[in-house]
Amino acid sequence: TDGTCKYGWIEFNNRWDYADKSTGYLYENGYGVEKNIELAKENFRKAADLGDVEAMMRLGRLYRGDRQATSGGDYLEAAIWFSKAIEKGRGDACSDLGNMYVDGQCGGVKNYEKGFKLFVKGMEFGSLRSKGNVGWCYFNGNGVTQDKAKAKQIIQEYVDADPNNEWAQNALKNWDW
């Protein structure tokens, strides 16, 4: 991109990865420009090709279908971008890709074991989302032997790290411990 849009010139100290990523956000959300997911993908891809991990995440989520009006997306392309973000140490990418395995979006069959392994890896990277998913797996016995005590400990750690997270608060209050 040349860095132009209705918001004006977008160049950040010759950081074209940042400029492309920012332009991608504008197109993804329709800020100052007409919303256009394909142009968002194009700009995020340019930033991702320059090594921008957040752009890789946005691409994964867009290809998964997060912003489309239809359900579903290009799951193979989404998995590729999440995998690239994982290679760069992004824990939330482990959560996103793990959820794709759990939901059967990688290969058409639900794979709780693969999902669990990715959630654990994401937790090791420091991702709270992955931590919540590990707790969910232990609670339900998905991909791992059911252990509600371990699940509760993990969810409590999540709440301790992020006391405002409604999902984790509700899990502690409402799950059948």
Side-chain angles (χ1 to χ4, degrees), residues 1-108 110-111 114-115 118-119 121-123 125-133 136 158-159 161-171:
T1 182
D2 66 1
T4 60
C5 68
K6 290 183 183 175
Y7 272 147
W9 184 250
I10 299 178
E11 179 191 354
F12 299 92
N13 299 321
N14 290 319
R15 288 265 328 270
W16 288 107
D17 61 329
Y18 193 74
D20 287 323
K21 179 174 65 177
S22 296
T23 305
Y25 282 126
L26 298 178
Y27 282 116
E28 178 184 11
N29 296 293
Y31 297 140
V33 295
E34 186 175 332
K35 184 176 179 177
N36 186 318
I37 298 301
E38 291 309 311
L39 285 175
K41 288 177 186 175
E42 179 182 317
N43 281 278
F44 284 133
R45 181 180 294 275
K46 289 177 185 178
D49 287 343
L50 292 170
D52 188 293
V53 179
E54 181 60 28
M56 294 173 192
M57 292 293 295
R58 294 302 327 140
L59 276 170
R61 290 175 179 160
L62 288 173
Y63 278 109
R64 186 176 58 199
D66 288 10
R67 293 284 188 162
Q68 272 84 354
T70 60
S71 62
D74 184 341
Y75 298 136
L76 177 59
E77 192 70 19
I80 288 168
W81 286 107
F82 288 138
S83 295
K84 289 181 181 195
I86 291 168
E87 290 171 10
K88 299 275 191 179
R90 182 68 184 255
D92 284 349
C94 296
S95 182
D96 283 306
L97 185 56
N99 278 319
M100 289 181 67
Y101 276 100
V102 165
D103 293 339
Q105 296 170 336
C106 293
K110 292 184 179 195
N111 188 334
K114 181 81 171 178
L118 282 161
F119 298 149
K121 184 173 187 172
M123 192 171 81
F125 284 147
S127 166
L128 286 178
R129 286 181 48 223
S130 291
K131 183 181 282 279
N133 286 326
W136 175 84
Y158 190 146
V159 169
D162 184 3
N164 296 318
N165 185 283
E166 289 183 36
W167 179 88
Q169 291 284 352
N170 287 333

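Keep in mind that what you see is a predicted model, and the values were worked out from it rather than measured.
- The distance from the NZ atom of Lys46 to the CG atom of Asp52 is 14.0 Å, given to the nearest 0.5 Å.
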Quiz item: Hey, mind stepping through Val102 and Trp136 against side-chain contact (heavy atoms from CB on, under 4.5 Å) and telling me if it holds?
Solution: CA-CA 12 Å; Val102 165; Trp136 175 84; 3.9 Å; yes
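- Nearest heavy-atom pair across Tyr101 and Gly115 is CB-N, 4.0 Å.
- Using a distance-only test at 3.5 Å, with no hydrogens or angles considered, no donor-acceptor pair links the side chain of Gln169 to the main chain of Val159.
- Distance alone, capped at 3.5 Å, is enough to place a donor-acceptor pair between the Ser130 side chain and the Gly91 backbone.
- Taking CG of Leu128 as the start and CH2 of Trp167 as the end, the distance is 10.5 Å to the nearest 0.5 Å.
- Atom CG in Asn99 sits 7.0 Å away from atom CZ in Arg64 (nearest 0.5 Å).
- The minimum heavy-atom distance linking Tyr75 with Gln105 is given by the pair CB-O, 3.2 Å.
- Taken to the nearest 0.5 Å, the CZ atom of Arg90 stands 10.0 Å off from the CZ atom of Phe82.
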Quiz item: When you look at Glu38 and Glu42, which way does the side-chain contact (heavy atoms from CB on, under 4.5 Å) test go after all the steps?
Solution: CA-CA 6 Å; Glu38 291 309 311; Glu42 179 182 317; over 6 Å; no
Exercise. Decide side-chain contact (heavy atoms from CB on, under 4.5 Å) for Met100 and Leu118; before the verdict, give the C-alpha distance in whole Å, the side-chain angles of both, and the deciding distance to 0.1 Å.
Key: CA-CA 10 Å; Met100 289 181 67; Leu118 282 161; over 6 Å; no
Practice problem: Report the C-alpha separation of Leu97 and Ser83 in whole Å, then their side-chain angles, then the decisive distance to 0.1 Å, and conclude whether the side-chain contact (heavy atoms from CB on, under 4.5 Å) test is met. | Solution: CA-CA 7 Å; Leu97 185 56; Ser83 295; 3.6 Å; yes
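- Closest heavy-atom contact between Lys35 and Ile37: CE-CD1, 4.1 Å.
- Between Asp96 and Arg129 there is a side-chain heavy-atom pair separated by less than 4.5 Å.
- Atom CG of Leu59 and atom CD of Glu28 lie 9.5 Å apart (nearest 0.5 Å).
- Summarising the geometry, atom CD belonging to Glu54 is positioned 9.0 Å from atom CG belonging to Asp92; distances are rounded to the nearest 0.5 Å.
- Glu87 and Lys84 are not joined by a salt bridge, as no carboxylate oxygen comes within less than 4.0 angstrom of a charged side-chain nitrogen.
- Inspection of the Tyr27 and Asn43 side chains reveals no N or O donor paired with an N or O acceptor under 3.5 Å.
- Phe125 is linked by a side-chain contact (heavy atoms from CB on, under 4.5 Å) to Ile86, Cys94, Lys121, counting only residues two or more places apart in sequence or in another chain.
- When the side-chain contact (heavy atoms from CB on, under 4.5 Å) test is applied to Glu77, the partners found at least two apart in sequence or on another chain are Arg45, Tyr63, Asp74, Ile80, Trp81.
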